[in-house]
Peer 1: 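Below: one structure in structure tokens.
What's counted below: heavy atoms across the whole structure, side chains too, no hydrogens, waters or symmetry copies. Numbered from 1 within each chain, the chains take letters A, B, ... in sequence-line order.
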Protein chains: 2
Amino acid sequence: MNIIEGGITAAKGFLAGSLCAGIKKSDSDDCALIYSEKPCVAAGTFTQNKVKAAPVKWDKKVIEESPFIQAVVVNTGIANACTGEKGLENCVVEAEAVAECMGISPENVCVCSTGVIGPQLPMDKIIKGIRELPAQLKETSEAATKAAAAIMTTDTRPKEVAVNADIGGVTVTVGGMCKGAGMIHPNMATMLCFITTDVMIKKELLQKAFGEIIDDSFNMISVDGDTSTNDTAIVMANGMAQNPIIDKEDEAYEAFVRALRYVATELAKKIAGDGEGCTCLFEAEVKNAVTKKDAKILAKSVITSNLTKAAIFGHDANWGRVLCALGYSGADFDPDKVDLTFESAAGSIAIMKDGNAVDYSEETATKILSQNPVRAVIDVKDGNFSATAWGCDLTFDYVKINADYRS
Amino acid sequence: MNIIEGGITAAKGFLAGSLCAGIKKSDSDDCALIYSEKPCVAAGTFTQNKVKAAPVKWDKKVIEESPFIQAVVVNTGIANACTGEKGLENCVVEAEAVAECMGISPENVCVCSTGVIGPQLPMDKIIKGIRELPAQLKETSEAATKAAAAIMTTDTRPKEVAVNADIGGVTVTVGGMCKGAGMIHPNMATMLCFITTDVMIKKELLQKAFGEIIDDSFNMISVDGDTSTNDTAIVMANGMAQNPIIDKEDEAYEAFVRALRYVATELAKKIAGDGEGCTCLFEAEVKNAVTKKDAKILAKSVITSNLTKAAIFGHDANWGRVLCALGYSGADFDPDKVDLTFESAAGSIAIMKDGNAVDYSEETATKILSQNPVRAVIDVKDGNFSATAWGCDLTFDYVKINADYRS
């Protein structure tokens, strides 16, 4: 597997276009279109929030019921969430407009929105934008990066990843883009992820692989613990690499899963590391837990603890807060067995052994914790299961950003 | 029921004393003793954190196995948490010292600590303090307030409540003190609550009442979602009011429960309203949920949402975040039925009706949200169960305090 430049257009036959439809007050791009020259089998995972935005309902239906999809249209600025029947109708109108422009069927078009919860979409502007998007479609990495920027809300940078993998002697490409940063602006909805690949694979296997990978990547990150109404992750596979079709869980399947997992994990880490107001990516690995579930719960409890997140911001090797977060997670472990090590580019330092603090240099610890990313390795020495979770530090800017008036 | 002045010494036969034993760097009091002239039946609830401080283990044993307790000694500065066997031995030594001074048995002495996690207690200083405490014991409300101040860590003010209730023609008093403020200083452990009453009641009924009440009060507050290693709530009843003993769930029992519930709830609210760095108490009431459990989960999800807490700090009527927090709580409700009203001393304003924003004045909303306390009333119109949770806003000072270096 090789890491390559590019993102959503890295795989064969995928094009991206973006423009400013005037949905946001600013004049930055706020509309993007992803299009595949050939129909794609697709898989998706969506927010578990009981409050689901209209596009989430539409996309769920499309991905479950349509054998293929070929285009995804995305807008930022308004989330089309809590918009009732009218919101759902607007999704259909958007899909129909894209279908008409591209000569495909509305059932093959996914629709995504991110932005303020409550207001209806300005359909005149959006439809005008959709009609102009096809002329913007390009295969270039510049077009991909421009699209990655167009879907941002309060992200500070576009997020893209791409890799090549050899599958049965054929080079297959997997690329993607995402946006996150958390619900930073009042009522701002959060996470969108789009991954494209030219692999040839059965839809059932794509769904199976994607579900497992999302559980270990996007479901293991947290910026502020709040999950949004619009969270969506979609993968599209158009088969244009012409590898022998992956129709069982063989070596070729495993090779593809490795590539897809890398892309999803790196995209997820980019979201955690760009959390609102944050100064560093904070990674927690839990080793040797009794079950995989325990490992995940423990790792996630550490990266979501406000006290631990604030300590990381303060470059403070606060093992007491880490142990506390493990303790109230509800997962099974023995506090008297826990070892804790902090790691970063500046080195590694053992902080806790068998549940007790070891004699360590605060100065060295602070040096290590002053880097980005910062990593906590927690060995519970209780079993054979490991998990990693990714978050960020809790900073003044997080509060500032989120306490700002909407006016 | 009448609200009266005073706290831990309000009920007949209870004395309090406090002094500076030199455990903390500052010269403020850091040791307190609560003593009852007569043995007390007692009940307690303790942290659910898997990492339990030594005093929690000792007190659990005392409360479960001793028919009576008569004294509680408390120190602040060091939590005696993650201190292994030595920490447990130190609890016994403390209990023995108190027992010797007061002429009672160590099995009748509870021991509580709050402060930094990790270091062992300075036993020389503590034992010296314990020997000097009996001379400090007084029945006065001044002594009670001084004791309430002595158990503070980073609380900004002592927390006391007391009430009278008529039980079978006899005046019974319930009073208490607590400390909280959250794990503000690095490794600082959190919540201690002590309630004293002169009611005569069977231990089993006291435990039953206290368990239920704690679930609705102390288990419904959150400062930062982190639960500590030392959280402890103890109630002592010495029977000196000489009411007919409460030995079944009759009217007298209900009258006592109302008084105990009021004291516990007001103490809990004082902790939430004094959360680190906070500017206001934030109360969320969920009405008409399908089950009591759903109502509690929903209310707690709102007051623990960082985004909602930051919005409250910003005086921002951010209904989207409230609806989101309800949505990811995991509780059962219909997003399309939710009504939301914000209330404070400045008035009341309807923000959301049937899951959609109503047309409201941002200016009026901001006025209402600029008060302390602020209250969100959430009607899910789905059933007959209600619950209230108490938290605070998320501020710059929370981050500042918790990001400070320990050095």
Peer 1: Specify whether B:Phe396 and B:Phe313 have parallel, tilted or perpendicular ring planes, treating 30° as the upper limit for parallel and 60° as the lower limit for perpendicular.
Peer 2: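 Aromatic pair B:Phe396/B:Phe313 classed perpendicular.
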
Peer 1: Verify whether one side chain among A:Asn49 and A:Thr229 offers a donor that lies under 3.5 Å from an acceptor in the other.
Peer 2: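 No pair is found: no donor N or O on one side chain lies under 3.5 Å from an acceptor on the other.
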
Peer 1: Do B:Asn230 and B:Thr114 pair up side chain to side chain, a donor and an acceptor below 3.5 Å, judged on atom types alone?
Peer 2: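 The criterion, which ignores hydrogens and geometry beyond distance, is not satisfied for B:Thr114 and B:Asn230.
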
Peer 1: Please tell me whether B:Asn318 and B:Asp316 have a donor and an acceptor in their side chains that are separated by less than 3.5 angstrom.
Peer 2: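 Yes - a donor-acceptor pair under 3.5 Å links their side chains.
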
Peer 1: Can you tell me if B:Asp382 and B:Asn288 form a side-chain donor-acceptor pair at under 3.5 Å?
Peer 2: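 Looking only at side-chain atoms, B:Asn288 and B:Asp382 do not form any donor-acceptor pair under 3.5 Å.
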
Peer 1: Which bit of A:Thr395 is near chain B, if near means a heavy-atom gap under 4.5 Å: side chain, backbone, both or neither?
Peer 2: backbone

Peer 1: Using non-hydrogen atoms and a limit below 4.5 Å, what part of residues 334-341 of chain A faces chain B?
Peer 2: A:Pro335

Peer 1: Name all residues meeting the side chain to side chain donor-acceptor pair (under 3.5 Å) criterion together with A:Lys296; count only those two or more places apart in sequence or in a different chain, and write none if there are none.
Peer 2: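 Residues passing side chain to side chain donor-acceptor pair (under 3.5 Å) with A:Lys296: A:Asp216.
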
